[in-house]
Amino acid sequence: MRKVLLPSIIIVLTGMLLLRLFYLQVIDDSLKLKSENNAIKIKYDYPERGYIYDRKGKLLVANQPSYDIMVIPKEVKNIDTLEFCQLLDVTKEFYIERMAKAKVYSPRLPSVFLPQLNKLEYAAFQEKIRKFQGFYIQKRSLRDYQVNFGANVFGSITQVNEREIAKNPYYNSGDFIGKQGVEESYEKTLRGIKGVKYIQKDKYNREIGSYKEGRFDTIAVQGKDIRLSIDLELQKYGEELMINKRGGIVAIEPATGEILSLITAPSYDPAILVGRKRSKNYTLLYRDSIAKPLYDRGLLAEYPPGSPFKIMTGLVGLQEKVINLSTTFTCNHGFSYASGRFQGCHCGGGLRDMHVGIYKSCNAYFSNVYLRTIAKYTKPTYAVDVWSNHIKSFGLGKFMGCDLPTGKRGKIPNSKTYKKMYPDWGWSGKTIISNAIGQGEVLMTPIQLANMMATVANKGYYYTPHIIKKIEGEIIDKKFRTKHVTTIDKSHFSPMIEGLFDVYNLGTAYALKVEGIDICGKTGTAENFAKIDGKRTKMEDHSIFVAFAPKDNPKIAIAVMIENGGYGATIAGPIASLMIEKYLRKKITRTDLETRVLSISLQGRYAKLGGLSDAVKLELRKRDSIVKSKTNVQKKE
């Protein structure tokens, strides 16, 4: 048997190898393209990138023509380099450097010598291109922004680097790829598929026609258009309200999880990252370590949520049955929770139940609720994990899973957190009491705060936040249409919503009411510390506000975070009210709030952290002057 088995295996393997060789050499000609590379010239046909629209179909991002001068080093022979450099207004040193770089990439394959010529430069070079063997012009398209805002939403496109080329064989030197925002998230959708033509050359390196009569040629497939969930007018208005401030605003449609606005401040005009000056402008933005205009605070900045987190504390307390709606606690202008330790409160003091505790934002009430939650179980380690799991069911403490390429998970502590913090001695609810009011170890991003409010508005469920609304000829990802249900019973949300409604009617947001719109909200003020000259220094508190409206059948949920803004009702609250009215009514009646917000500048406070960089000062001065007026843009002319 063994004598037969080994020869049989050898015969079968030899047969398979011969069949494969026959297929490759006789039937399949595709590998000949590589073996005959010296006699074949490859030309690419780049498709137009897909257009980007807002939720109502308004054009946000289109395209404009661009021309790259490409070079195949091995084909460059006997050219007048002096005339060449003068024609393109480059130095001889630049020429030598680019040619060397192209040779390193490949002597036989095309590389970008000079990118993004304008129409006049293109025309001048095209007229004399016959004199410069080895060079040719590759037409591409660059982005043409119809708005001067939303840079963090769109992202940008830039040339691929060597690492990206090695990672993905689709890309060649000089190709463009999306970076950040929807340009990166939906790169494959937007870019389309480039066409390829193989041109046969004779022994004199002259083109003599299509290789194999075009059998291997492919046609370019145009990029697909996408429609974002962003509301153009709301995004623009939010960015205007955030001028001279730092922070983030995120607005979500509760019924779908669609992101209505995603605002980070300071921001920049997306047009400055287009064209020959892109690299210089990007470097200025990147090096701005003070204001960080490339840092999307709406997705990345992790803050203590402050008083809005009391919503979670109350809901978990109700679910765990450690309190009911009639449970009361006395506030003595604060809460004494350990020997010599006192947590102050601004609610005015008195007997508090859940309803009053919410609209007056009573620290003492929710601290007592939290202590009861942790004390319910014998072991605080188990109790804090029960609490943590309830909170995480709202999508907190983990990546939201939204369709943008960046984000932070925030922090919802559990027993492992405190085992690391207190390895040598025990801890109890009083040790971690700050969690009750959104301080302590709890951290959340603005998009998580907005999603929390969308979940409350929905009375216990949410859809993963996403920025895509429609893709031409496709259905959006199923994960954005999947309902996520929390561990909190639906019945507990209605009394919480009543308390949030009275925040506007009787409580801390009374002065922020908008006549005719029933808004449910919660003010927040989070302590803020910074290192100045190596010392931990108490800075102005962060101003926070979360809300949804209308109370019945909510259309918008919003979170506003203003760094160093002070009390929640001072800046963040007015911005939330204005954004809600703008979205629901398309106009503003609270012009007093609008005037106040637009006139507020926090640059003086930020200067204490090290001053503003020159790049940000320049951007703030130019912001209103760079507005591009574009009308009657025809789609894909």
Just wondering, more than 12 heavy atoms not from [X] lying within 6.0 Å of its [atom1]?
{"X": "Lys194", "atom1": "NZ", "result": "yes"}
{"X": "Lys513", "atom1": "NZ", "result": "yes"}
{"X": "Lys398", "atom1": "NZ", "result": "yes"}
{"X": "Tyr105", "atom1": "OH", "result": "yes"}
{"X": "Arg287", "atom1": "CZ", "result": "no"}
{"X": "Ile219", "atom1": "CD1", "result": "no"}

**OP:** For Tyr504 and Ser577, run side chain to side chain donor-acceptor pair (under 3.5 Å): C-alpha distance rounded to whole Å, both residues' side-chain angles, the deciding distance at 0.1 Å, then the answer.
**Re:** CA-CA 10 Å; Tyr504 268 87; Ser577 291; 2.9 Å; yes

Subject >> Full working for side chain to side chain contact (heavy atoms under 4.5 Å, CB included) between Lys555 and Leu584 >> reply: CA-CA 8 Å; Lys555 302 295 184 185; Leu584 295 180; 3.7 Å; yes

Subject >> ring-ring contact (aromatic ring centres under 6.0 Å, His included) partners for Phe94, two or more places apart >> reply: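 Here the qualifying residues are Phe113.
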
If only atom types and distance count, is the side chain of [X] paired as donor or acceptor with the main-chain N or O of [Y] below 3.5 Å?
{"X": "Lys245", "Y": "Ile243", "result": "yes"}
{"X": "Asp45", "Y": "Lys197", "result": "no"}
{"X": "Asp518", "Y": "Pro550", "result": "no"}
{"X": "Asp68", "Y": "Met70", "result": "no"}
{"X": "Thr264", "Y": "Arg297", "result": "yes"}
{"X": "Thr218", "Y": "Val196", "result": "yes"}
{"X": "Asn458", "Y": "Ala454", "result": "yes"}
{"X": "Gln222", "Y": "Pro47", "result": "no"}
{"X": "Gln448", "Y": "Met400", "result": "no"}
{"X": "Arg55", "Y": "Ser229", "result": "yes"}

Subject >> Result of checking Glu474, Glu472, Glu48 against Lys224 for salt bridge (Lys or Arg N to Asp or Glu O under 4.0 Å) >> reply: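 Going through the options one by one, the only one that passes is Glu474.
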
**OP:** Go through the steps to decide whether Arg481 and Ile475 satisfy the test side chain to side chain contact (heavy atoms under 4.5 Å, CB included), and finish with yes or no.
**Re:** CA-CA 10 Å; Arg481 295 177 280 119; Ile475 299 174; 3.7 Å; yes

Original post:
Is the NZ or CZ atom of Lys478 positioned over Phe480's six-membered ring, under 6.0 angstrom from the centre and within 45° of the axis?
Top reply: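 Judged by the rule (NZ or CZ under 6.0 Å from the ring centre, within 45° of its axis), Lys478 is not positioned above Phe480.
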
Original post:
Out of Leu512, Ile562, Leu449, Ile249, which residue meets the side chain to side chain contact (heavy atoms under 4.5 Å, CB included) rule with Phe545?
Top reply: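 With Phe545 as partner, side chain to side chain contact (heavy atoms under 4.5 Å, CB included) holds for just one option, Leu512.
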
Original post:
Do Glu164 and Lys179 pass the salt bridge (Lys or Arg N to Asp or Glu O under 4.0 Å) test, and can you show the C-alpha distance, the side-chain angles, and the key distance before you say yes or no?
Top reply: CA-CA 12 Å; Glu164 290 162 335; Lys179 289 289 187 180; 2.3 Å; yes

[X] side, atom [atom1]; [Y] side, atom [atom2] - distance, nearest 0.5 Å:
{"X": "Ile259", "Y": "Ile467", "atom1": "CD1", "atom2": "CD1", "result": "5.0 Å"}
{"X": "Leu598", "Y": "Ile575", "atom1": "CG", "atom2": "CD1", "result": "9.0 Å"}
{"X": "Leu260", "Y": "Lys582", "atom1": "CG", "atom2": "NZ", "result": "14.5 Å"}

**OP:** Write out all pairs satisfying ring-ring contact (aromatic ring centres under 6.0 Å, His included) with one or both partners inside residues 157-182, taking only residues at least two apart or from two chains.
**Re:**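 Found none.
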
**OP:** Please report the C-alpha distance between Arg49 and Glu187 in whole Å, then the side-chain angles of each, then the deciding distance to 0.1 Å, and finally whether the salt bridge (Lys or Arg N to Asp or Glu O under 4.0 Å) criterion is met.
**Re:** CA-CA 9 Å; Arg49 201 168 176 89; Glu187 162 67 8; 2.6 Å; yes

**OP:** For salt bridge (Lys or Arg N to Asp or Glu O under 4.0 Å), just list the numbers for Asp54 and Lys469, CA-CA rounded to whole Å, side-chain angles, deciding distance to a tenth of an Å, and then say yes or no.
**Re:** CA-CA 9 Å; Asp54 88 330; Lys469 187 171 180 67; over 6 Å; no

**OP:** Say whether Asn172 and Tyr44, considering side chains only, have a donor N or O and an acceptor N or O under 3.5 Å apart.
**Re:**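 There is such a pair (donor and acceptor under 3.5 Å, judged by atom type) between the side chains of Asn172 and Tyr44.
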
Subject >> Donor + acceptor pair across side chains of Tyr606, Glu563 (<3.5 Å) >> reply: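 No, Glu563 and Tyr606 have no side-chain donor paired with an acceptor closer than 3.5 Å.
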
**OP:** Kindly determine whether Lys58 and Gln146 satisfy side chain to side chain contact (heavy atoms under 4.5 Å, CB included), including the steps that lead there.
**Re:** CA-CA 10 Å; Lys58 295 179 180 178; Gln146 310 304 300; over 6 Å; no

**OP:** Over 60° means perpendicular and under 30° means parallel, so classify the ring planes of Phe132 and Phe84, tilted if in between.
**Re:**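 Perpendicular.
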
**OP:** For the pair Lys479 and Thr464, evaluate side chain to side chain contact (heavy atoms under 4.5 Å, CB included) and give the outcome as yes or no after the intermediate values.
**Re:** CA-CA 7 Å; Lys479 72 177 183 178; Thr464 299; 5.5 Å; no

**OP:** Decide salt bridge (Lys or Arg N to Asp or Glu O under 4.0 Å) for Lys586 and Glu233; before the verdict, give the C-alpha distance in whole Å, the side-chain angles of both, and the deciding distance to 0.1 Å.
**Re:** CA-CA 8 Å; Lys586 315 305 176 191; Glu233 294 301 325; over 6 Å; no

